[in-house]
Amino acid sequence: MSSPTIAPPLAGQTVGAAGGAFVIAEWRDAGGPPGPPRFIAPLHLHRNYDEAWYVLEGTLCVRVGDRDVEAKAGSAVFVARGTPHTYWNPSPGPTRYLLVMTANIFRLIQEIHAMPERTPTALQAVFKKYDSELL
């Protein structure tokens, strides 16, 4: 009898690889004070790649084009390629969610996080490199 494969918790990690077809990441946002949205990502679009969120805990708001979609735990939001979008945690409490993305979007996020300075000009260039646009 073979031993079972034990999968570690995904929390804060990813499944998939930057060289593969897709990546799933579990991410969190701690929440914050009331006021205008604190965007987790700036308004942008991906020309040739779809993206989706699945909320595990709390609430996530996703701007899809000109609509704001509120997704509570157990809900999912899909953003089709070419659609301007951003997202944020609208509450003071934590939210935990899965981000399902192409490997290209994952590489974009990795490069943004590695940037020593996130100037508008530098960000525009990185988004363009990954067939995306910062709006």
Side-chain angles (χ1 to χ4, degrees):
M1 175 179 231
S2 63
S3 61
T5 301
I6 306 297
L10 185 59
Q13 304 298 314
T14 60
V15 170
F22 71 91
V23 176
I24 299 173
E26 181 182 334
W27 285 335
R28 301 165 185 260
D29 183 82
R38 294 174 304 100
F39 298 119
I40 295 169
L43 185 65
H44 64 283
L45 62 82
H46 307 291
R47 287 190 173 74
N48 294 301
Y49 307 104
D50 302 330
E51 196 170 12
W53 293 258
Y54 180 80
V55 181
L56 299 167
E57 173 186 335
T59 303
L60 198 65
C61 280
V62 182
R63 180 160 299 149
V64 182
D66 60 358
R67 284 185 17 195
D68 289 346
V69 178
E70 184 177 274
K72 294 187 180 298
S75 300
V77 179
F78 175 81
V79 174
R81 62 195 71 193
T83 305
H85 61 282
T86 184
Y87 63 103
W88 66 95
N89 177 354
S91 74
T95 189
R96 192 168 55 97
Y97 57 96
L98 297 177
L99 178 57
V100 183
M101 63 196 129
T102 65
N104 199 57
I105 293 172
F106 181 60
R107 288 189 294 270
L108 166 63
I109 293 168
Q110 286 181 309
E111 189 160 334
I112 290 169
H113 289 179
M115 293 174 73
E117 287 188 53
R118 296 181 191 171
T119 65
T121 302
L123 283 168
Q124 288 283 2
V126 171
F127 272 84
K128 185 175 182 178
K129 177 180 174 180
Y130 292 97
D131 201 23
S132 299
E133 183 179 348
L134 181 62
L135 302 173

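Along the sequence shown, residues carry numbers from 1. Just so you know, these numbers come straight off a predicted model, no measurement behind them.
In this structure, the side chains of His85 and His44 come closer than 4.5 Å at one or more pairs of heavy atoms. The closest side-chain heavy-atom distance from Pro94 to Arg28 is not below 4.5 Å. Side-chain contact between Trp88 and Asp68 is present, with heavy atoms from C-beta onward closer than 4.5 Å. Looking only at side-chain heavy atoms (C-beta outward), Asp50 and Phe78 come within less than 4.5 Å of each other. A 4.5 Å side-chain heavy-atom check between Met115 and Leu123 finds at least one atom pair inside the cut-off. Side-chain atoms of Leu60 and Ile40, non-hydrogen and from C-beta on, do get closer than 4.5 Å to each other.
For the pairing with Arg47, the side-chain contact (heavy atoms from CB on, under 4.5 Å) check across Arg81, Lys128, Glu133 returns one residue only, Glu133. Under the ring-ring contact (aromatic ring centres under 6.0 Å, His included) rule, Tyr87 has a single partner from Trp53, Trp27, Phe39, which is Trp53. A side-chain contact (heavy atoms from CB on, under 4.5 Å) with Leu108 holds for exactly one of Lys129, His113, Met101, His46; it is His46.
Across all their heavy atoms, Leu56 and Ala73 have their closest contact at O-CB, 3.6 Å. Scanning all heavy atoms of the two residues, the minimum distance from Leu43 to Leu134 falls at O-CD1, 3.6 Å.
No donor-acceptor pair closer than 3.5 Å links the side chain of Thr121 to the backbone N or O of Thr119. Within the 3.5 Å criterion, the main-chain N or O of Lys72 finds no donor-acceptor partner in the side chain of Thr59. A donor-acceptor pair under 3.5 Å is absent between the side-chain atoms of Asp29 and the main chain of Thr95, judged by distance alone. With hydrogens and angles disregarded, no donor-acceptor distance shorter than 3.5 Å links the side chain of Arg96 to the backbone of Glu26. In this structure a side-chain-to-backbone donor-acceptor pair under 3.5 Å is missing from Arg67 to Val62.
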* To do: Take Ile109 and Leu99 through the test side chain to side chain contact (heavy atoms under 4.5 Å, CB included) and record every step on the way to the result.
  => CA-CA 12 Å; Ile109 293 168; Leu99 178 57; 4.2 Å; yes
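In this structure, Ile105 is not a member of the same hydrophobic cluster as Phe127, with clusters built from ILVMFWY side-chain heavy atoms closer than 4.5 Å.
Residue Leu45 holds its CG atom at 9.5 Å from CG of Asp131, rounded to the nearest 0.5 Å. Atom-to-atom distance recorded for Tyr130:OH and Phe106:CZ is 11.0 Å, nearest 0.5 angstrom.
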